[in-house]
Number of protein chains: 2
Amino acid sequence: MTTLRDVANHAGVSVSTVSRVVNGKEYVSERARQRVMEAIEALQYQPNLLAQSLATGKETKQLGLLVYDISNSYFAEITMAFESIAYQHGYTVILCNTAEGTKTLKYLDMFIQRKTDGVAIVGSEMGKEEVGRLEMLLDRGVPIVIAREKGWSVNPLTDALGDRTGVVEFDTREGARMAIEFLISQGHRRIGGLFSIPKKGLWQNRRALGYRSALEAHGIPVDERLLVTDLNTSKSAGLMGMGELLRRNVDCTAVFVYNDLMAMGALSCCQRMGVRVPEDLSIVSMDDTEDSLYTNPPLTSVRIPRKEQGEFMANYLLARIQGGHPPSYLQLHVQLSLRESASTVGDKNMFRRISNETS
Amino acid sequence: MTTLRDVANHAGVSVSTVSRVVNGKEYVSERARQRVMEAIEALQYQPNLLAQSLATGKETKQLGLLVYDISNSYFAEITMAFESIAYQHGYTVILCNTAEGTKTLKYLDMFIQRKTDGVAIVGSEMGKEEVGRLEMLLDRGVPIVIAREKGWSVNPLTDALGDRTGVVEFDTREGARMAIEFLISQGHRRIGGLFSIPKKGLWQNRRALGYRSALEAHGIPVDERLLVTDLNTSKSAGLMGMGELLRRNVDCTAVFVYNDLMAMGALSCCQRMGVRVPEDLSIVSMDDTEDSLYTNPPLTSVRIPRKEQGEFMANYLLARIQGGHPPSYLQLHVQLSLRESASTVGDKNMFRRISNETS
DNA sequence: CATGTTTCTGGGAACGCTTGCAAGTTCTCT
DNA sequence: AGAGAACTTGCAAGCGTTCCCAGAAACATG
């Protein structure tokens, strides 16, 4: 491997001079610069970034990105935006998929050991230990930025880290409320819910709270039988959850689904069961990923901006690394994207229809 | 920042001893080990991986992964499998999205500079310069593994690198042939094609070749008017391509689509245009991503194993890094996953139907 | 020509770690 | 008890950079 020294020898100058040339510093004669350039070319010299950051003790030009599940296009789009900004500034991103919960802690340790310049966290669960590592990172001056649902009270992050991290928030409670509000405005009264959360924690969840508060605002009682929960947030979870709801035979005319991924599963279930969407059943969900444009029918979904999330996170970290004081908080606007999966309540009740058919 | 030296001072031993403890080497007394452990605990010591790999000159425990587009779940699933294996072996992965073509070269330089232990490439275009960098990596002993379509002749990679890299291949030509063969067996004779390749390079493309050879095998002439090409491979490209095909009014009864992403767009187009799939038009595509299970109707698609791809690539690199000689070639089996988007040719011809309606 | 400035250049100490070496310590076996 | 083997330990030289510092060279000024 060719090193600075090799280049120096080849060019007949000292190591320091080569270093100056490589880093574009002043105080190098044109003659020397020329010869060094030639040597670099001849020897195919590439600087050793490891040695470089060791010596400077400053930047490693690496950013860590913790996402819950890259195969979910919600996260994939955030990742893309993040990577794109990082790249533009000469930073490299270390990707970590945290769906398998135990990985988070190890990855945080990795970040510390690798002297990562900044860490972005989106949708990953943090336990006590993990938060400890985050504090360690903060103490070492490594900026952290977190994307999260507003008021995510179950997560101890908020309290422990205070305002030392950057935060992008989006109000999923408000989003869910808007979605339900819309359904109510379309005449729906019996509205089911498909949530991806532990049953017992249901009313800790922002989306569930939004669901409830919209109903309550209209004097509609919450019917527990209309609620299905699953621990996963995947297409198959949506498929099974919807199946469960249909099986319960609880004549509802609309369903709120936790996210697009699950909604795709739910849609698929409806199709298999001969339930027409939206004629027999309206569906609204959250995320508004690109996928939701291409389902059949296209999903009415609450838009949570993703590109903005990724970009804010990357920009925040980069600014902090350069010693700046960028705004550390961003609240993203959620809004309902109206498409075809939800409509005015029909006169037919599909649950009755199904039960007639099957019984 | 606490260093080895700090720990040594705190424990009252030498730096070397601490190093030995940290690396679990033999020849350390129980007493010393104990004290060092305590010091590490007390000082929250975390080794500096940069210094470590600089000193050893060996592994950096980082793998580079170049994928074309993470937001495409085909690539996302490969990425997940790759990351998962890497993680299990204590490796970290640097993710690069190469859809914006110019990034590839810079990333390869990064890999060299960061002393990345291995590089995996999937679906990224390589020009002359890029191949040069790959050779540079190989010369430095960095293993490389590439996932690609079998016989991808346009790509200069094959020739230049010879058999110095690991390769996972899948025969997309055979896949396309199977798909068309299936359509023919279902009575289809006029079969359209939606390809994501430059028009002029069409017959260089393996999928297109498979399409053609299947038709030829049955004495069906290729009708250029049934072929639409687009440079992108995205849902919207599929949407537009399908639109174009329908507009041409070229009564075909089935369409072969380049990949699932485009097929989703095509499906969406059909739905908007009132073309029923598969009653009016059969669709088959390639990739068989998880998405294809959840479209409406679910897509009949040629399965290209993704998890296996990611795993092979990671395992190959890891084995090579450890000095092993793993099998450097894997041919993945493609097979047709039959679902509902393709069926026996109907008696109705939807193109005629549409033109009747619209004219 | 002596002196002061400015521009260039190389030496060498650091960065945090590993590792070969040699000296010191403890065992083990006669 | 003594010799050799086996175990512990610390020293110091790297790994490839950066960067401070001091000295050399070039130029300007009186």
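The sequence lines fix the lettering, A, B, ..., with proteins before strands; numbering per chain opens at 1.
- For the atom pair CD of A:E83 and NZ of B:K103, the computed distance is 3.5 Å after rounding to the nearest 0.5 Å.
- Nearest to the side-chain atoms of A:R20 among the listed nucleotides D:dC7, D:dT18, D:dC20 stands D:dC20.
- Residue B:S16 holds its OG atom at 11.0 Å from NZ of B:K25, rounded to the nearest 0.5 Å.
- Among the protein residues, A:T17 comes within range of the sugar-phosphate backbone only, with heavy atoms under 4.0 Å from sugar or phosphate atoms but none that close to a base.
- No side-chain heavy atom of A:V36 sits under 4.5 Å from any side-chain heavy atom of A:R33.
- Considering CD of B:E135 and OG1 of B:T165, their distance stands at 11.0 Å, rounded to 0.5 Å.
- Ring orientation note: the planes of A:F111 and A:Y107 are tilted relative to one another, at an angle of 30° to 60°.
- Rounded to an integer number of Å, the gap from B:K115 NZ to D:dT17 C1' is 12 Å.
- Here the range on DNA chain C touched by chain A, meaning any atom under 4.0 Å from one of its heavy atoms, is C:dT7 to C:dG16.
- Between the C1' atom of D:dA5 and the OH atom of B:Y27 lies a distance of 10 Å, rounded to the nearest Å.
- Each end of the helix from C:dC1-D:dG30 to C:dT30-D:dA1 yields a helix axis from five base pairs, and these two axes differ in direction by 40° (to the nearest 10 degrees).
- Listed in residue order, the members of residues 38-51 of chain A having a heavy atom less than 4.0 Å from DNA chain D are A:Y45, A:Q46, A:P47, A:N48, A:A51.
- Applying the side chain to side chain donor-acceptor pair (under 3.5 Å) test to every pair with at least one member in residues 114-123 of chain B, sequence neighbours left out, gives these pairs: B:T60-B:D117.
- Using modelled atom types, one side-chain atom of B:T79 and one backbone atom of B:F75 make a donor-acceptor pair closer than 3.5 Å.
- Of all non-hydrogen atoms in B:M126 and B:T104, the two that sit nearest each other are CE-CG2, 3.7 Å.
- If you find the closest nucleotide of DNA chain D to B:R31 and to B:L54, the one lying nearer the 5' end belongs to B:R31.
- In terms of position on DNA chain D, the residue among B:T56 and B:E30 whose nearest nucleotide sits closer to the 5' end is B:E30.
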Sequence neighbours excluded and cut-off under 3.5 Å, please list the side-chain donor-acceptor pairs for residues 3-13 of chain B, or say none.
unit_1: B:T3; atom_1: OG1; unit_2: B:R5; atom_2: N; d: 3.2
unit_1: B:T3; atom_1: OG1; unit_2: B:D6; atom_2: N; d: 3.4
unit_1: B:D6; atom_1: OD2; unit_2: B:T3; atom_2: N; d: 2.8

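- Counting any heavy atom pair closer than 4.0 Å across all strands shown, A:V15 reaches a base atom.
- Ring centers of A:Y74 and A:Y68: at least 6.0 Å apart, outside the cut-off.
- In this structure, the CZ atom of B:R140 is 12 Å from the P atom of D:dG16, given to the nearest Å.
- Between A:S19 and the phosphate of D:dT18, there is a side-chain N or O to OP1/OP2 separation shorter than 4.0 Å.
- Residues A:F170 and A:K150 fail the side-chain proximity criterion, which asks for heavy atoms closer than 4.5 Å.
- Interface residues of residues 3-14 of chain B facing DNA chain C, ordered by number: B:T3, B:L4; criterion, heavy-atom separation under 4.0 Å.
- When atom types are taken as modelled, the side chain of A:S53 and the backbone of A:L49 share a donor-acceptor pair closer than 3.5 angstrom.
- Between B:V167 and B:F312, the shortest heavy-atom contact is O-CE2, 3.7 Å.
- None of A:Q309, A:Q331, A:R148 except one satisfies the side-chain hydrogen bond (donor to acceptor under 3.5 Å, both in side chains) rule with A:E169; the exception is A:R148.
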